[in-house]
Amino acid sequence: MEEVKLVLLGARFSMFGMRAKIALAEKGIKYEYMEEDLTNKSPLLQEMNPIYKKIPVLIHHGRPICESLIIVEYIDMVWHNNSPLLPLDPYHKAQAKFWADFVDQKVYHASKRVWISKGDEQEVAKKNFLESLKHLEEFLGDKPYFGGETFGFVDVALIPFYCWFYTYETFGNFKVEAVCPKLISWAKRCMQKQSVFETLADEKEVYEAVLDYKTKFILN
């Protein structure tokens, strides 16, 4: 453990773990990846994140950094000379952090309810999910990326959800593109980046994993 400078604890289908992978890839940083079984968390994960016991955790020189957006910002600060993700301007930096947090507070919670719930609760979740995406689409506007001309912090925060869209759409019986076409165009643009297409999980595999999870832990 002491011999490795950088270790990332993650889980294959976690959009939060994907954020860290994308940020590291954007910076061209080598690291050791350790896959966690979230139903049987390793002693290392519990030691490195004793408060939440969640992934991702970035371990740098033996010291843990937890929570995905904090990890991405840490990566950007430590390796600041290559592919900056956060803008230098304080106002634009604050805006980027606001919208990244919006993804966690609004998009994530609504999207999870789409596949966990059913009936009226699912309809409310679908409405909230699509409304949150509309807000993001408005912020994106006609820019290529949320960061403007360059791929940045908000792009890293949101793009891992794209490989989950098929799952949300299948369980919720809707199409994101019908409501947010510019957002889908943005996602396809991001997918042309090596850091993204090599990181994001296959959408059908995500769906199968969710189906398996629901069968084991929710439906029984």
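The shown structure was predicted, so the numbers you read here are calculated from the model rather than taken from an experiment. The chain is numbered in sequence order, starting from 1.
Annotation: side chain to side chain contact (heavy atoms under 4.5 Å, CB included) contacts of Glu121 (sequence neighbours excluded): Arg113, Ser117. In this structure Lys112 satisfies the side-chain hydrogen bond (donor to acceptor under 3.5 Å, both in side chains) test with no other residue, sequence neighbours excluded. Scanning for ring-ring contact (aromatic ring centres under 6.0 Å, His included) contacts around Tyr207 gives Tyr166, Phe171, with sequence neighbours left out. The salt bridge (charged side-chain N to carboxylate O under 4.0 Å, His left out) search around Lys127 returns Glu131, not counting sequence neighbours. Every residue two or more places apart in sequence or in another chain was checked for a ring-ring contact (aromatic ring centres under 6.0 Å, His included) with Phe153, and none qualifies. Take Ile29 and apply the side chain to side chain contact (heavy atoms under 4.5 Å, CB included) test, not counting sequence neighbours, and it matches Leu6, Leu24, Lys27, Ile75, Trp79. Considering only residues two or more places apart in sequence or on other chains, Lys182 meets the salt bridge (charged side-chain N to carboxylate O under 4.0 Å, His left out) condition with Asp142. Shown here are the side-chain hydrogen bond (donor to acceptor under 3.5 Å, both in side chains) partners of Glu208, two or more places apart in sequence or in another chain: there are none. Legend: residues meeting side chain to side chain contact (heavy atoms under 4.5 Å, CB included) with Arg189, ordered by chain and number and at least two apart, are Pro144, Tyr145, Ser185, Trp186. In this structure, the side chain to side chain contact (heavy atoms under 4.5 Å, CB included) partners of Asp104, at least two apart in sequence or on a different chain, are Phe16, Arg19, Leu69.
In this model, no donor atom of one side chain and acceptor atom of the other lie less than 3.5 Å apart for Glu203 and Thr167.
Atoms NZ and CG, from Lys106 and Asp101 in turn, are 10.5 Å apart once rounded to the nearest 0.5 Å. Note that OG of Ser132 is 11.5 Å distant from NE2 of His109, once rounded to the nearest 0.5 Å. Note that CH2 of Trp115 is 13.5 Å distant from OG1 of Thr170, once rounded to the nearest 0.5 Å. Expressed to the nearest 0.5 Å, how far CE of Met18 lies from CZ of Arg12 amounts to 9.5 Å. Taken to the nearest 0.5 Å, the CD1 atom of Ile70 stands 12.0 Å off from the CG atom of Leu58. If you take OG on Ser111 and CZ on Phe129, they are separated by 5.5 Å, rounding to the nearest 0.5 Å.
You'll find the side chain of Ile159 stays beyond 4.5 Å of the side chain of Thr199, heavy atoms only. Counting heavy atoms from C-beta on, the side chains of Leu85 and Val156 come closer than 4.5 Å. For the pair Val196 and Tyr162, the minimum side-chain heavy-atom distance is 4.5 Å or more. Side-chain contact check for Val103 versus Leu136: some heavy-atom pair is nearer than 4.5 Å. In this structure the side chain of Tyr31 reaches within 4.5 angstrom of the side chain of Tyr33, judged on heavy atoms. A 4.5 Å side-chain heavy-atom check between Phe151 and Ile22 finds at least one atom pair inside the cut-off.
Taking 4.0 Å as the cut-off between side-chain N and carboxylate O, Glu198 and Lys21 do not count as a salt-bridged pair. A salt bridge does not link Glu32 with Lys5: every distance from a Lys NZ or Arg NE/NH1/NH2 to an Asp or Glu carboxylate oxygen is 4.0 Å or more.
Follow the hydrophobic side-chain contacts under 4.5 Å out from Phe197 and you reach Phe13 in the same cluster. Under a hydrophobic clustering in which Ile, Leu, Val, Met, Phe, Trp and Tyr are joined whenever their side-chain heavy atoms come within less than 4.5 Å, directly or via other members, Leu133 and Met191 fall into the same cluster.
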Give every donor-acceptor pair under 3.5 Å between a side-chain atom in residues 47-56 and any protein atom, sequence neighbours left out.
from, atom 1, to, atom 2, distance (Å)
Asn49, OD1, Tyr52, N, 3.3
Asn49, ND2, Lys54, O, 2.9
Lys53, NZ, Pro50, O, 2.9

Just distance, no hydrogens or angles: give the donor-acceptor pairs under 3.5 Å from side chains in residues 173-180, sequence neighbours left out.
none

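Nearest heavy-atom pair, Ala201 versus Val206, reported as atom, atom and distance to 0.1 Å: CB-CG2, 3.8 Å. Thr39 and Asp37 get closest at one heavy-atom pair: OG1-OD1, 2.6 Å. Contact detail for Ala11 and Leu38: the closest heavy-atom pair is CB-CD1, 3.9 Å. Pairing each heavy atom of Asp76 with each of Ser83, the nearest pair is OD1-O, 4.0 Å.
The ring of Phe102 has its center closer than 6.0 angstrom to the ring center of Trp99.
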message: One pair to check against salt bridge (Lys or Arg N to Asp or Glu O under 4.0 Å): Lys216 and Asp212. What are the steps and the verdict?
response: CA-CA 6 Å; Lys216 288 180 179 177; Asp212 184 57; 3.3 Å; yes
TODO: Walk me through it: do Val57 and Ile65 pass the test side-chain contact (heavy atoms from CB on, under 4.5 Å)?
DONE: CA-CA 6 Å; Val57 177; Ile65 302 95; over 6 Å; no
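Looking at Lys143, its side chain does come within 3.5 Å of a backbone N or O of Phe139 through a donor-acceptor pair. Not one N or O on the side chain of Asn128 forms a donor-acceptor pair closer than 3.5 Å with the backbone of Ala110. Between the side chain of Ser68 and the main chain of Gly17, no donor-acceptor pair closer than 3.5 Å is present. Under a 3.5 Å cut-off, the side chain of Glu137 and the backbone N or O of Leu183 do form a donor-acceptor pair. Lys93 places no side-chain N or O within donor-acceptor distance of the main-chain N or O of Leu86, the cut-off being under 3.5 Å.
The environment of CG in Asn82 is crowded: more than 12 heavy-atom neighbours from other residues, nucleotides or ligands sit within 6.0 Å. Environment of CD in Gln46: crowded, with over 12 heavy atoms of neighbouring residues, nucleotides or ligands closer than 6.0 Å.
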